[in-house]
Every structure is written in C-alpha cells, then in structure tokens.
Amino acid sequence: MAINNKFAEEIGNGYTFEGSSLILGGAMLRDECITNLLVKAPLSTFNRHGMISGATGTGKTKSLQVLSEHLSNNGVPSLVMDIKGDLSGLAKANAGHKKIDERQNAIGLSYDPHGFPVELLTLSGTTGIKLRATLSEFGPILFSRILELNDTQSSIVTVVFKFCDDNNLPLIDLEDFRKTLLWMSGEGKHELQIQYGRIHGASVGAIIRKLITLEQQGANIFFGEPSFEVDDLCRLDSNGNGYISILRLMDLMDRPQLFSTFMLQMLAEIYSSFPEEGDLDKPKLVLFIDEAHLIFQDASKELLRQIETTVKLIRSKGIGVFFVTQNPNDIPESVLSQLGMKVQHALRAFTASDREDIQKASKNFPISAYYDISEVLTRLGIGEALVTVLNEDGRPTPLVRTMMRAPESRMDILSNDELMDVERSSDLFAKYDQIIDRESAYEILSEKMAEAKEERLEQVPRKTSKRYKKPTQTYFEKTLEDAGKQITREVSRGIVRGILGVLGLGNKRSSKSKGWFF
C-alpha cells in the first residue's frame, strides 16, 4: 500500500499542469489501472514533437487516433498519414462496445462517441482532394531521391533545375523535366556546355529510364497544378474544432519512396511558408508520419541532416511532428533526441536481435523505480503503453505504464458511399479538382526544338559530301569548357550547402524567386 501511495503521489504531481492538457489514459501499476490517476500531456508542448512506437497489433494506430481526436477537440488541426486505410473512421462516431466501457471505467473517464471534422487527401487520384506539387517545389535533391539516382545522375538533375531557373522555364510536371533534359542533351547542348559544362548521354539515358518507371507507377498524377496550399491544413470548423486531414496512401504501399518523399516536401513547404511564432498555448498544426522508417530508409547523410535540422527548427513555428513506427530504433538518434513525447507500445522478442533492440529501446526512457522497462516492454497489453511527456517547463515527466483511452470515433474504415459523402461535403474539393495546364518548360522548349529542326532542314541543300572533321579546340574554347565543368561541380555542391538552399528556385505563388529547403 505504501508504494501505491508513493506511486500515486509521484504520478499525480508529475502529470498535473497549469495550462490545458490532453488526457491520454490512466496510470497502471502491477498490471492494474489505478482509477482517476490520469496521464496527461500539456497542449503547449505538442510542438516539441513525439513518437508513437510498437509492434504490429499493439494499438499504436489507435493512440494516433486518440491524439488527433483530442487535438481537434482543442482547436488544433492535424495531418495524418493513413497507410493501412484504417483512419477514415475518424469522420464517424464510434458505435460503442462493452470492452470500451470497461476500459473507460477503469481509467475513470466518461465516454462521448462522436465524429470529427475530416478532410480526405489523396496522391493517387482516388477518393479525396488531389494533393499535387510542382517539380520546382520538390527541388533537385528530393526529386533525385524519388528517382533513386546515383551522385552523377543527381548532379545532372541539379543542373536541369538550375537551367530552368536561370532561363525562366517553369518546371511543373514530369513532361517539363523530360523536355528540358532532351533539350539540354540535344539542340541546346552547345549552349549548356558553355554555361554549365558537359553532361554525359549515358547518364541522361539512365535518368529517362527511371523517369519512365516513375510514370508507369502513376506518379505523374501528383506533379502539376494547382499545387496544394499548406495553409489549408490549418482550418477549423464552425464549432472551432480542428480539421483532421487524412492522407490516404493505401495504394502506394509498394512505392514507399513516393509518399515518404512527398511528406518531406510538404514538411519543407510548411517550414518555409509558416511564420515564426515562439511559445504558443497550443500548436498551429500537428503532423503524424506513419511508417516513419520509410523516411529515413536509404536517406543520404545530407538528407538526414536536413530532416534533423527541420525537426529542431519547425517547432518555433508552432508545428509538431510525430513519428509513428514499429521500433524506436528505426529513428536516427539525432532525431529521436528531439522528440519530447514518447508513447511506447509493446515490443516482441522472437529472436536474439529482437532482445537487443528491446534493451536498446529501454534506454530511451527515464529511469523508473516502479518498472523494469525492458521487461514491461514485452508484457504490455493491447492498448497499453509506456508514456513520458515534457511538462510545461520542458522537463520529462515520470515514466508511467498507461492504459490508453479508447477512440471516440469509429475504429473501422468508412464504406465507399461514406467516403464519397465526406469528399462531397469538403469546402476544398472544388478548389483542387480542376487541373491547371499553363505554359511551362514543355511548351517553351518544344517551340525552340521545332525552330531548330526547321533551321536544320533549311541548311540541308548547302551541305557538302565532305566528311565532317571536328575542329581543333583553341585555348580559349578549352578554357570555357574547363570553366563549365567547374561550374557544374559548384552547382552540385551548392544545392546541399544549407537547409534553405542557395539556388533560389521559383515560388509557386509568386514570380519572385526564393531559396529551396531541400
């Protein structure tokens, strides 16, 4: 009994806050939930980021659902990645169940099932608002990542973006990129060589083959205009509840580079467009990135550095980022150290490697006098988690085993008819439904290529039968070529120098140029 009183006092004091907070669930000791000993998270610290982790089937998706629900109740919008397709139920009320009542009673909470304001987003053209972006908004590093290019091929992509920027050629969709690449390796190669250096035909061919593969995967549907405005993620409904924007990705599971890179682009866009806010009573927006290991998988050192810097800096703009993954070891330590809230569901130890991972994961949490962390991690039940958050002073709260509260929305998917109803009721659907096809690099360079072809045809009668002999380069011409090669190397280095970039590629909503984040 004495240890129970001490535990209750420590947890009660550790999870009592002055400002608004969200109730995550009830504290547990010796496999029992202590009624009315509530585990909370201060609303003001949600921009300090977080992690939801656990093995398949342990309840991490439901924890994500609970957090997004109660953020919405407090007027905070969120963006959630729905990879498995089981989050659309947020739009409808939970039908209730005996086990839900038992859980809520054990925690000491009432139960108020209801639906939440939801926007459905899609990358692939299925039900929902079409989420598009221009190639210029992606930038060369992220676009090279989607194509899975090597360093040499990536440097050519960098030159393509620089060439389009220098020559006021809007780079909007994949056709623009292809046409620019063909121009640079064909009719425009002499002009290009003087300004940027020579590019090799073999590398160009490899890039085009990768581009064809990307098109066959249907990626061309989300490169274009109108590009999605990230301010539309921050909307409230007429009752002051935050919209939950659900990015539906079920049909892109076999193309992880596409949606993980798209999320990075969106994160960069949010960072570059949102103003500095300082300390707020509640965040402006919270992002939940499911299957987070896909973002870090095969990422270059430069990209990892940029992600780490983004996570550090974006919180000052009132943005919270939560990574959802099966194992906390999936997240690099440099990023993991920036995550203030940790909701750790059960981990499974089937192999020696699993046991090592559990031992390593247990070291991510504050030391506890009440739990053997590595043991508890394997014994947590479904819907239970080890929780620690930051208090309002920025200090970690005591680690506590928590019975997570039940979602108040449906824990199942919507039917096709229900999905269509959500789509039709959206205020944004008409805004993004129509594709804009303005003059861009494709049209401008197509005209130049036609003119060049016409000039060649006019010169045909004047050609002689003499075999063409390449003229010997003068010293001046050789100097120009060497300078061009140096410029190419400098451009390649320049694109990765700083988090905001130095190339100044164009802005989607303004004719003024601005630096690029990735």
Side-chain angles (χ1 to χ4, degrees), residues 10-11 14-15 17 21-28 38-55 58-68 70-71 78 80 283 286-293 295-296 307-308 311-312 315 320-348 357-405:
E10 184 175 334
I11 298 303
Y15 287 88
F17 311 110
S21 60
L22 305 188
I23 298 174
L24 304 180
M28 300 180 68
L38 302 178
V39 178
K40 306 175 184 178
L43 199 58
S44 61
T45 64
F46 268 77
N47 68 327
R48 299 296 185 93
H49 315 311
M51 174 195 75
I52 303 173
S53 181
T58 57
K60 60 181 181 292
T61 301
K62 298 300 177 281
S63 293
L64 185 161
Q65 191 169 345
V66 164
L67 288 177
S68 60
H70 294 282
L71 285 169
S78 59
V80 300
V286 176
L287 284 71
F288 294 93
I289 303 177
D290 200 1
E291 300 293 341
H293 68 281
I295 285 181
F296 304 107
I307 295 170
E308 177 188 350
V311 172
K312 285 181 179 179
R315 65 188 181 198
V321 181
F322 279 67
F323 297 99
V324 186
T325 188
Q326 291 192 16
N327 194 310
N329 299 325
D330 295 334
I331 302 173
E333 289 188 4
S334 58
V335 176
L336 192 62
S337 64
Q338 304 298 317
L339 309 182
M341 182 187 299
K342 295 182 175 68
V343 179
Q344 177 64 62
H345 289 271
L347 296 175
R348 305 303 183 206
D357 286 344
I358 290 171
Q359 289 293 333
K360 184 177 179 181
S362 66
K363 296 176 182 179
N364 294 322
F365 300 94
I367 296 173
S368 172
Y370 305 102
Y371 308 110
D372 181 336
I373 300 174
S374 58
E375 179 191 4
V376 172
L377 279 175
T378 62
R379 294 178 52 245
L380 291 169
I382 296 174
E384 298 176 6
L386 286 176
V387 173
T388 180
V389 305
L390 293 182
N391 65 21
E392 291 161 316
D393 295 326
R395 298 187 180 91
T397 58
L399 184 68
V400 57
R401 181 177 176 178
T402 305
M403 178 177 286
M404 302 295 289
R405 70 188 301 173

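All values derive from a computational prediction rather than experimental measurement. In this chain, residues are counted from 1 in sequence order.
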Side-chain heavy-atom pair [X], [Y] within 4.5 angstrom cut-off:
X	Y	result
Ser78	Leu287	no
Asp290	Val80	no
Leu24	Met404	yes
Ile52	His345	yes
Arg315	His49	yes

[X] versus [Y], closest heavy-atom pair with distance:
X	Y	answer
Tyr15	Pro398	OH-O, 2.5 Å
Gly26	Val39	C-CG2, 4.1 Å
Val389	Phe17	CG2-CZ, 4.4 Å
Arg348	Thr58	NH2-CG2, 3.7 Å
Ile331	Leu336	CG2-N, 3.8 Å
Thr325	Asp330	OG1-OD2, 2.8 Å

Judged by atom type as modelled, is there a donor-acceptor pair below 3.5 Å linking the side chain of [X] to the main-chain atoms of [Y]?
X	Y	answer
Asn329	Asp357	yes
Ser334	Pro332	no
Thr397	Thr388	no
Ser53	Gln344	no

Inset, instruction - Ignoring hydrogens and angles, state whether a donor on the side chain of Asp372 or Ser374 is under 3.5 Å from an acceptor on the partner side chain. - result: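 The criterion, which ignores hydrogens and geometry beyond distance, is satisfied for Ser374 and Asp372.
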
Legend entry - Listed once per pair and sorted, the salt bridge (charged side-chain N to carboxylate O under 4.0 Å, His left out) pairs that draw on residues 378-394, sequence neighbours left out: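 Matches after skipping sequence neighbours: Asp31-Arg379, Glu384-Arg401, Asp393-Arg395.
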
Legend entry - Residues Asn391, Thr45; criterion side-chain contact (heavy atoms from CB on, under 4.5 Å); working and verdict: CA-CA 7 Å; Asn391 65 21; Thr45 64; over 6 Å; no

Inset, instruction - Check side-chain hydrogen bond (donor to acceptor under 3.5 Å, both in side chains) between Lys360 and all other residues, then give those that pass, not counting sequence neighbours. - result: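 side-chain hydrogen bond (donor to acceptor under 3.5 Å, both in side chains) list for Lys360, sorted by chain: empty.
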
Inset, instruction - Check side-chain contact (heavy atoms from CB on, under 4.5 Å) between Ser368 and all other residues, then give those that pass, not counting sequence neighbours. - result: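 For Ser368, the residues satisfying side-chain contact (heavy atoms from CB on, under 4.5 Å) (neighbours in sequence not counted) are Tyr370, Tyr371, Leu399.
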
